[in-house]
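All remarks here apply to the structure that follows.
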Amino acid sequence: SISLRERVIETLAYAFVMVALVFDFGRFSSNEINKLAAAKRHVVPDWLTNDWYLGLEKARYDAFNRIAGPLVDHFGFVDAAIIGRLICYVALGYAFHRLRVGLGLGWHWMIGVLVIFLTNQGFVAGGWMAGGFEAKTLAYASLLLAIAAYSRSAPLFGAAWVGVAVSLHP
């Protein structure tokens with residue numbers, strides 16, 4: 001059994017690897033500013049009322065907007081993006097930890113997997129799993145947690161995590 005201290009250290013180690021390899025210091029990721037603006041509009045409905053893009057229906061991102069909106073409104077766009085990315089990287093770090101445990105791998109193997117994966121994650125279609133503060137990053141963490149749950153023969157937890165993923169990024 002892994003102690004809470006070991007889980008936290010491993011999760012933060014994975015998050016640190018993500019920060020070191022993919023954190024884009026000094027600028028927003030490709031869709032991040034759009035998503036954060038929509039999240040702010042979700043919690044402050046009268047903000048930029050004449051903006052065409054923000055006036056579009058964004059109900060499918062309701063779960064993410066409820067998380068990101070208050071951060072943007074309270075901290076501003078830049079700080080919310082930084083805080084949100086760190087939250088995403090810790091969520092992914094924990095998901096990679098649970099996946100590693102579920103697959104029975106050593107932590108050093110997962111560090112290697114992360115380095116290889118993160119340096120090549122946009123190889124096929126230019127997409128990414130760890131990048132900016134967007135709904136898809138938290139959805140990917142949820143999907144990894146679902147896979148980890150299924151690998152431990154815990155289908156109810158797996159189904160719940162799939163539900164979280166779909167709620168965040170339909």
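- Leu145 and Leu105 fall within a single hydrophobic cluster, where Ile, Leu, Val, Met, Phe, Trp and Tyr side chains are chained together by heavy-atom contacts under 4.5 Å.
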- List the steps and the verdict of side chain to side chain contact (heavy atoms under 4.5 Å, CB included) for Met18 and Phe96. CA-CA 11 Å; Met18 286 180 251; Phe96 278 111; 4.2 Å; yes
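- Side-chain atoms of Asn31 do not come within 3.5 Å of backbone N or O of Asn34 as any donor-acceptor pair.
- The CZ atom of Arg41 sits 11.5 Å away from atom OH of Tyr53, with the distance rounded to the nearest 0.5 Å.
- Aromatic ring centroids of Phe23 and Phe25 lie under 6.0 Å apart.
- Note: the hydrophobic cluster containing Leu21 also contains Ile87 (ILVMFWY, side chain heavy atoms under 4.5 Å, direct or indirect links).
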Which pairs of donor and acceptor atoms, one on a side chain in residues 63-77, lie under 3.5 Å apart (sequence neighbours left out)?
| unit_1 | atom_1 | unit_2 | atom_2 | d |
| --- | --- | --- | --- | --- |
| Asn65 | ND2 | Tyr61 | O | 3.3 |
| Arg66 | NE | Asp62 | OD2 | 2.8 |
| Arg66 | NH2 | Asp62 | OD2 | 3.4 |

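- Residues Tyr14 and Leu114 meet the side-chain proximity criterion, which asks for heavy atoms closer than 4.5 Å.
- Annotation: side chain of Asp24 is in contact with side chain of Arg85 (closest heavy-atom distance under 4.5 Å).
- Contact record, Ala81 with Phe28: CB-CE2, 3.7 Å, taken as the closest heavy-atom pair.
- Thr119 places a side-chain N or O within 3.5 Å of a backbone atom of Val115 that can act as its donor or acceptor partner.
- When every heavy atom of Leu168 is checked against every heavy atom of Ala139, the shortest pair comes out as CD1-N, 4.0 Å.
- Side-chain contact between Met129 and Thr137: absent, with no pair of heavy atoms (C-beta onward) separated by less than 4.5 Å.
- At distances below 3.5 Å, not a single donor-acceptor pair connects side-chain atoms of Thr49 with backbone N or O atoms of Pro45.
- The side chain to side chain donor-acceptor pair (under 3.5 Å) pairs that include a residue from residues 143-170 number zero, where partners must be two or more places apart or lie in different chains.
- Taking CD1 from Ile33 and CG from Leu36, the interatomic distance works out to 6.0 Å, rounded to the nearest 0.5 Å.
- Leu99 and Ile111 fall within the same hydrophobic cluster, where Ile, Leu, Val, Met, Phe, Trp and Tyr residues are linked whenever their side-chain heavy atoms come under 4.5 Å apart, directly or through other members.
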- Give the C-alpha distance, both sets of side-chain angles, the deciding distance and a yes or no for side chain to side chain contact (heavy atoms under 4.5 Å, CB included) between Val22 and Tyr89. CA-CA 10 Å; Val22 299; Tyr89 297 165; 3.7 Å; yes
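- Placement of Leu143 and Val101 in two distinct hydrophobic clusters is found when ILVMFWY residues are connected by side-chain heavy-atom separations under 4.5 Å, directly or transitively.
- Sorted by first then second residue, the side chain to side chain donor-acceptor pair (under 3.5 Å) pairs that include residues 93-104, not counting sequence neighbours, are Glu10-His97, Glu10-Arg100.
- When side chains are defined from C-beta on, Glu6 does not count as touching Trp107, because their heavy atoms never get closer than 4.5 Å.
- No continuous path of hydrophobic side-chain contacts links Val113 to Leu12 [ILVMFWY only; heavy atoms under 4.5 Å].
- Counted within 6.0 Å of CH2 on Trp47, heavy atoms from surrounding residues, nucleotides or ligands total more than 12; the atom is thus considered enclosed.
- Put simply, the side chain of Val162 does not reach to within 4.5 Å of the side chain of Ser142, judged on heavy atoms.
- Atom CZ of Phe16 has 12 or fewer heavy atoms from other residues, nucleotides or ligands within 6.0 Å.
- With values rounded to the nearest 0.5 angstrom, Lys35 atom NZ is found 14.0 Å from His42 atom NE2.
- Counting all heavy atoms, side chain and backbone alike, Ala149 lies closest to Gly158 at CB-N, 3.4 Å.
- Although no hydrogens or angles enter the test, the distance criterion places no donor-acceptor pair under 3.5 Å between the side chain of Gln121 and the main chain of Trp128.
- Looking at heavy atoms from C-beta onward, Val78 lies in side-chain contact with Ile82 at the 4.5 angstrom threshold.
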